[in-house]
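Here is the structure we will look at.
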Amino acid sequence: MESPIRVRFAPSPTGDLHIGTSRTALFNWLFARRYHGQVVLRVEDTDKTRSTKEYEQSIIESLKWLGIDWDEGPDIGGEHGPYRQSERLNTYKYYWKRLLKSNHAYYCFCTPEELEEERRSALESSRMPMYGGKCRELSDTEREKRRLSGQKGVIRFKVERDDPYEIKFKDLIKENINISSEVIGDFIIVKADNMPTYNFAAAVDDITMGISHVLRGEDHITNTARQTMIYDALETPIPMFGHFSMILGTDKAKLSKRHGATSIEEYKRKGYLSETIINYLSLLSWSPGDESEIFDIEELVKKFSIERVSKSPAIFDLPKLDWLNGQWIRRIPVERLTLLIEPYLTAAGIDTEDHNVQKISEAIRTSITTLAEAPGYAKIFFGDPEISDDTLKELREEPSIKVLSLFRDRINEADKLDCDSIKELIKGVAGDLKEDGIKGKAVYHPIRLALTGLDSGPELFSVIDGLGQKRTLSRLDKAIG
RNA sequence: GGCGCAUUAGUCUAGCGGUUAAGGACGCCGCCCUCUCAAGGCGGAGGCCACGGGUUCGAAUCCCGUAUGCGCUACCA
């Protein structure tokens, strides 16, 4: 028997993967994985003018980067394919013919100009803009005549008018939703270019792909009413629906370009980890119920439940994202961190040849909140430190010179250097200098200055560890002169 | 304009009629740690639970109204 749960995510390839879309994808994915269901990726590319293959590719890559996968999709195929709407035209045709035949749909020849005029005048007299149904009662012969004469028509769904009713459905997130059939005009299901519209294609696909749960943004609530009508007209069982609240910008408007980065791609580029994005997205409109809030995607699968998804919209808060990213940067294994940091270093023109990037990563991981900040903090390990003349002069006076010389000798004598032995070594130096009244800042600070030219930075021992014995010595020598 | 959805501190949220004089997290402030900057630890300020009515012995929690916000109202999805 087939798994009772089948969900889909259905992006349109008209841009890179959006924050909101990815949260929808995440929640669908979590829902399916949590209950051992299946996930379908469907590309909704019926808008020929805006859809591109490049965006499709970019969306797929972003999804994969996030760690979201699917059981069926355009890239891997599956039993219910094809998975691009542009390749499913025959299926749509079959269903629209059925709708036409059962008198649930009709051809409409109104021009865009007429429609626009109708809309405008409705708005003017503050009526709800809605198709008036001019072509509804066109006779069969008239219809054929127009079609044969080459008039490009569209097909509209015929909404029951004589006997208005309430479309009621139990939303998995919002609970009960009622929409009156009277507020829904005869909507277009097939465009003049013979492409299905969103509402029709989505309904047909959800039917033919055996989708059990449709989970999407709340901007689709009224579409759910339309799609329900299609299900009814096609005499097909209606899936379960759930509508997530919107993600808003800090001004409480729907998240958009003017709020800054809105695509996963951009956040990736800025140096946010996929763990961070997944974690943060999960926290927008959902909570585990206990007080934990840092978890990876696997833990999320165990914790997730649709009942705990909030009904109210959430504002995308960058400071918290940054904090979370810092948490993850400190949490992942240093090997992985190193792999992530390296490309940023190279991009900043830093030659990492001959350097222990892993130790450098370890040294700077508590300083950075995004990977993009890494070069700024890591540059002290590369090239020669810039030490001002004043500083140099100071380093060559007492007590600095004493500290540096002693330290230099100890480093030189050391046969192996790791974090622990460096700590011991510095402590030893500090201990020996104590009798001269040199302690604390007076011992650490000159070393730091000699090594980096800066008076702040990562902990000294990790600076030395990152530099390595050879480089540490040469920098000390240069400072001592 | 109509319809739909929402409303707990600046932000994300816990809370499902009494155990809550609302708990956690980000941010902010202070202290500790400390060679520095971070990180980390500890603590603090910040909410009349949008407002107004009900229901109830008792409401942030249930109901109604108002306000505000957002969404939809496309041959976009």
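Residue numbers start from 1 in every chain, and the chains themselves are labelled A, B, ... in the order their sequence lines are given, proteins ahead of strands. In this text, all values refer to a predicted model and were calculated from it rather than measured experimentally.
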The nucleotide from B/U7, B/U13, B/C35 with an atom nearest the side chain of A/S312 is B/U7
With a 4.5 Å heavy-atom cut-off, do A/T224 and A/R216 have their side chains touching?
-> yes
Under a 3.5 Å cut-off for both distances, is B/A74 Watson-Crick or wobble paired, and to whom?
-> none
For the pair A/E397 and A/K402, find out whether any cationic side-chain nitrogen is under 4.0 Å from an anionic carboxylate oxygen.
-> no
Atom CG of A/D219 to atom C1' of B/A6: distance rounded to whole Å?
-> 14 Å
Aromatic centroids of A/F244 and A/F27 separated by under 6.0 Å = yes
Distance under 6.0 Å and angle within 45° of the ring axis: does A/R226 meet both against A/F157?
-> no
Please state how far atom CD in A/E291 lies from atom P in B/U13, giving the value in whole angstrom units.
-> 15 Å
Which atoms form the tightest heavy-atom contact between A/L417 and A/K359, and what is the distance?
-> O-NZ, 4.1 Å
Out of B/G27, B/C12, B/C3, minimum distance to the side chain of A/V183 belongs to B/C3
Listed nucleotide nearest any side-chain atom of A/E44, set B/C75, B/A77, B/A14 | B/A77
Nearest listed nucleotide, side chain of A/D47, among B/C12, B/C76, B/U11 = B/C76
When A/E218 and A/E459 are each assigned the nearest nucleotide of RNA chain B, the 5'-most assignment goes to A/E218
Counting only Watson-Crick or G-U wobble pairs whose two distances fall under 3.5 Å, which nucleotide matches B/C37?
-> none
Take atom CD in A/E166; do more than 12 heavy atoms of anything else shown fall under 6.0 Å from it?
-> yes
Return the nucleotide paired to B/A21: Watson-Crick means purine N1 to pyrimidine N3 with N6-O4 or O6-N4, wobble means G-U with N1-O2 and O6-N3, both under 3.5 Å.
-> none
Using whole Å, report how far CZ of A/F461 lies from P of B/A39.
-> 16 Å
Stretch residues 360-376 of chain A: residues that reach within less than 4.0 Å of RNA chain B through a heavy atom | A/T366, A/S367
OG on A/S282 to CD1 on A/I297, rounded to 0.5 Å | 9.5 Å
Of the nucleotides B/A25, B/G40, B/G27, which one has an atom closest to the side chain of A/E293?
-> B/A25
Choosing from B/G15, B/G1, B/C12, which nucleotide comes nearest the side chain of A/K320?
-> B/C12
Check the geometry between A/W323 and B/C26 and answer yes if their rings are stacked (centres below 5.5 Å, planes below 30°), otherwise no.
-> no
For B/A60, the Watson-Crick or wobble counterpart (both distances under 3.5 Å) = none
Any strand, both distances under 3.5 Å, Watson-Crick or G-U wobble: B/U66 pairs with B/A50
Complementary nucleotide of B/A14, counting Watson-Crick and G-U pairs under 3.5 Å | none
Rounded distance (Å) that lies between atom C1' of B/A77 and atom CE of A/M246 | 12 Å
Nearest-Å distance, NZ (A/K252) to C1' (B/U7)?
-> 9 Å
Do any side-chain nitrogens or oxygens of A/R119 fall under 4.0 Å of OP1 or OP2 in B/A74?
-> yes
Within 45° of the axis and under 6.0 Å from the centre of the six-membered ring of A/Y107, does NZ or CZ of A/R147 qualify?
-> yes
Which one is paired to B/G44, where only Watson-Crick or G-U wobble pairs with both distances under 3.5 angstrom count?
-> B/C28
Look at the side chain of A/T46 and decide which nucleotide, out of B/A77, B/C75, B/G24, has an atom nearest to it.
-> B/A77
